[in-house]
Undergrad: 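I have a structure I would like to understand better, so I am pasting it below and will then ask my questions one at a time.
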Amino acid sequence: MELKYDKEGLIPAIIQDYQSKEVLMMAYMNEEAFNKTLETGKTWFYSRSRQKLWNKGETSGHFQTVKKISYDCDEDTLLIEVIQEGSACHTGNKSCFYRHIIEDDNNFDDKIIYHIADIIKERKENPKEGSYTNYLFKEGIDKILKKVGEEASEVIIASKNPGKDELVYEISDMVYHILVLMAEKGVTIEDIKAELTGRFNK
């Protein structure tokens with residue numbers, strides 16, 4: 001591998017969420033920033049305006065843990081997949097690319113589970129008045145487990161009835177409460193994917 005830096009010694013780095021694959025931001029690295037990223041497992045960039053290195057999250061606490069680094073066919077652009085703590089954008093949005101010129105509404109469907117998980121995590125970290133999700137977190141693990149048990153029972157009852165509409169509704173409720181439980185216990189969708197992948201690769 002021989003990365004090609006531009007005449008100013010910089011290479012663009014596209015930062016992508018490792019789980020949802022959402023593009024979070026784009027910044028530049030020089031060789032030192034790239035090496036520090038490799039050494040620390042956290043993203044480091046070079047600020048063209050301040051003419052200095054900066055560690056993403058050093059002031060906000062919204063660090064990026066590097067999971068995978070790829071480079072393109074021309075060796076002049078990096079793709080870095082990360083676990084994002086908090087938001088990537090200084091505006092408070094998860095991604096810097098939150099404004100759209102063209103948007104395919106169907107694209108959202110592919111990421112709905114990740115989107116719900118992100119909202120649940122956000123509610124846990126930044127409580128919102130009147131939020132049912134925050135109510136569950138405030139009540140604690142026993143309340144969350146009680147709701148998971150109730151939803152499991154309702155799924156069983158719905159399964160005995162004709163048609164599938166009620167079952168779809170109850171399974172959706174159960175999935176939501178499972179996601180709340182996962183957030184409470186620090187389990188991610190990626191953890192579940194890894195476990196299932198390991199089972200089916202045996």
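This chain uses plain numbering: 1 for the first residue, then up along the sequence.
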Undergrad: Are Ile178 and Tyr169 co-members of a hydrophobic cluster defined by side-chain heavy atoms under 4.5 Å apart?
TA: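 No; Ile178 is not reachable from Tyr169 via cluster members.
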Undergrad: Starting from the C-alpha separation in whole Å, work towards a yes-or-no answer on side chain to side chain contact (heavy atoms under 4.5 Å, CB included) for Ile113 and Val175.
TA: CA-CA 9 Å; Ile113 298 297; Val175 168; 4.2 Å; yes
Undergrad: How far does CG of Asn161 sit from CG of Asp165, to the nearest 0.5 angstrom?
TA: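 Answer rounded to 0.5 Å: 11.5 Å.
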Undergrad: Does any part of the side chain of Asp6, heavy atoms only, come nearer than 4.5 Å to the side chain of Asp76, both counted from C-beta?
TA: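 No, their side chains stay 4.5 Å or more apart.
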Undergrad: According to the interplanar angle, ranging from 0 to 90°, do the rings of His177 and Tyr132 count as parallel (below 30°), tilted (30 to 60°) or perpendicular (above 60°)?
TA: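 Taking Tyr132 first and then His177, their aromatic rings stand perpendicular (interplane angle over 60°).
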Undergrad: Under the side chain to side chain contact (heavy atoms under 4.5 Å, CB included) criterion, do Leu78 and Leu3 qualify, and how do the steps go?
TA: CA-CA 9 Å; Leu78 295 171; Leu3 296 177; 3.9 Å; yes
Undergrad: Determine the minimum heavy-atom distance between Asp74 and Lys4, stating which atoms define it.
TA: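 Answer, listing the atom of Asp74 first, then Lys4: O-CD, 3.3 Å.
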Undergrad: Is there a donor-acceptor pair closer than 3.5 Å between any side-chain N or O of Thr188 and the backbone N or O of Asp191?
TA: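 Between the backbone of Asp191 and the side chain of Thr188 there is a qualifying donor-acceptor contact (under 3.5 Å).
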Undergrad: Kindly say whether Gly149 contributes a backbone atom to a donor-acceptor pair with the side chain of Ser153 at under 3.5 angstrom?
TA: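 Checking the backbone N and O of Gly149 against the side chain of Ser153, a donor-acceptor pair under 3.5 Å is found.
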Undergrad: Please give me the minimum heavy-atom distance between Tyr5 and Glu31, naming the atom from each residue.
TA: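 Here Tyr5 and Glu31 meet closest at OH-CA, 3.5 Å.
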Undergrad: Do Met29 and Phe63 land in one hydrophobic cluster if side-chain heavy atoms of ILVMFWY residues count as linked below 4.5 Å?
TA: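 Met29 and Phe63: separate clusters.
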Undergrad: Quick one: are Leu136 and Lys147 in side-chain contact, heavy atoms under 4.5 Å?
TA: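 They are in contact (side-chain heavy atoms under 4.5 Å apart), so the answer is yes.
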Undergrad: Could you work out the complete set of other residues in the hydrophobic cluster of Ile14, with links drawn between I, L, V, M, F, W and Y side chains under 4.5 Å apart?
TA: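 Its cluster partners, ordered by chain and number, are Leu10, Val23, Met26, Tyr28, Trp44, Tyr46, Leu53, Leu79, Phe97.
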Undergrad: Is there side-chain contact between Lys193 and Leu196, with at least one heavy-atom pair below 4.5 Å?
TA: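 Heavy-atom side-chain distance check fails, nothing below 4.5 Å.
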Undergrad: Could you tell me which non-hydrogen atom of Gly92 sits nearest to which non-hydrogen atom of Ser87, and how far apart they are?
TA: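 Heavy atoms of Gly92 and Ser87 come nearest at O-CB, 3.5 Å.
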Undergrad: Report yes if the side chains of Ile120 and Tyr176 come closer than 4.5 Å at any heavy-atom pair, otherwise no.
TA: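 In contact.
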Undergrad: Can you tell me how far apart SG (Cys89) and NE2 (His62) are? Round to the nearest 0.5 Å.
TA: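 These two atoms lie 11.5 Å from each other.
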Undergrad: Which pair of heavy atoms, one from Met25 and one from Ala88, lies closest together, and at what distance?
TA: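 Minimum heavy-atom contact is SD-O, 4.3 Å.
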Undergrad: Are Glu32 and Lys36 ion-paired here, with the side-chain N under 4.0 Å from a carboxylate O?
TA: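 Looking at Lys36 together with Glu32, the answer is no, because their closest N to O distance does not fall below 4.0 Å.
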Undergrad: Identify the two heavy atoms, one from Asn134 and one from Lys124, that lie closest to each other, and give their separation to 0.1 Å.
TA: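 In terms of heavy atoms, the two residues are closest at ND2-N, 4.1 Å.
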Undergrad: Ile80, Trp54: one ILVMFWY side-chain cluster at the under-4.5 Å cut-off?
TA: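 Linked, Ile80 and Trp54 end up in one cluster.
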Undergrad: Given the rule in the side chain to side chain contact (heavy atoms under 4.5 Å, CB included) test, do Gln16 and Glu22 qualify, once you have shown the distances and angles that lead to the verdict?
TA: CA-CA 6 Å; Gln16 184 180 44; Glu22 180 181 11; over 6 Å; no
Undergrad: If you take all heavy atoms of Ala117 and Ile189, which pair is closest and at what distance?
TA: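 Residues Ala117 and Ile189, closest heavy atoms: CB-CD1, 3.9 Å.
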Undergrad: Each residue besides Ile83 in its hydrophobic cluster should be listed here, by chain and number; the cluster joins Ile, Leu, Val, Met, Phe, Trp and Tyr at side-chain heavy-atom distances under 4.5 Å.
TA: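 Tyr18, all in the cluster of Ile83.
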Undergrad: Go through the steps to decide whether Glu81 and Lys21 satisfy the test salt bridge (Lys or Arg N to Asp or Glu O under 4.0 Å), and finish with yes or no.
TA: CA-CA 8 Å; Glu81 297 180 49; Lys21 305 307 178 185; 2.6 Å; yes
Undergrad: Does Leu167 belong to the same Ile/Leu/Val/Met/Phe/Trp/Tyr cluster as Ile156, with side-chain heavy atoms less than 4.5 Å apart forming each link?
TA: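 Leu167 does not cluster with Ile156.
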Undergrad: Which value, rounded to the nearest 0.5 Å, describes the distance between Thr133 atom OG1 and Lys121 atom NZ?
TA: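 NZ of Lys121 is found 15.0 Å from OG1 of Thr133.
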Undergrad: What salt bridge (charged side-chain N to carboxylate O under 4.0 Å, His left out) pairs are there with at least one residue in residues 87-102, not counting sequence neighbours?
TA: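 For residues 87-102, and leaving out neighbouring residues, the salt bridge (charged side-chain N to carboxylate O under 4.0 Å, His left out) pairs sorted by first residue read Asp17-Lys94, Lys94-Asp118.
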Undergrad: Taking the side chain as C-beta and beyond, is there a heavy-atom pair between Ile192 and Met182 under 4.5 Å?
TA: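 The answer is yes, as the side chains (C-beta and beyond) meet within the 4.5 Å cut-off.
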Undergrad: Do the non-hydrogen side-chain atoms of Val66 and Thr40 ever get within less than 4.5 Å of each other?
TA: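 They are not in side-chain contact.
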Undergrad: Between Phe137 and Ile144, is any pair of side-chain heavy atoms under 4.5 Å apart?
TA: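 In short, these two side chains touch, coming nearer than 4.5 Å.
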Undergrad: Before giving the answer on side chain to side chain donor-acceptor pair (under 3.5 Å), spell out for Thr37 and Lys42 the whole-Å C-alpha distance, their side-chain angles and the decisive distance to 0.1 Å.
TA: CA-CA 5 Å; Thr37 296; Lys42 304 290 184 183; over 6 Å; no
Undergrad: Would you say the side-chain atoms of Gln64 and Gln84 include a donor-acceptor pair closer than 3.5 Å?
TA: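 Yes.
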Undergrad: Check whether any side-chain heavy atom of Ile116 lies under 4.5 Å from a side-chain heavy atom of Ile119, and answer yes or no.
TA: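 Ile116 vs Ile119: side chains apart.
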Undergrad: In terms of hydrophobic clustering (I, L, V, M, F, W, Y; side-chain heavy atoms under 4.5 Å; direct or indirect links), are Ile157 and Val168 co-clustered?
TA: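 No, separate clusters.
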Undergrad: Identify whether the distance between the nearest side-chain nitrogen and carboxylate oxygen of Glu8 and Arg48 falls below 4.0 Å.
TA: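 Between Arg48 and Glu8 there is no salt bridge, as every charged N stays at least 4.0 Å from the carboxylate O atoms.
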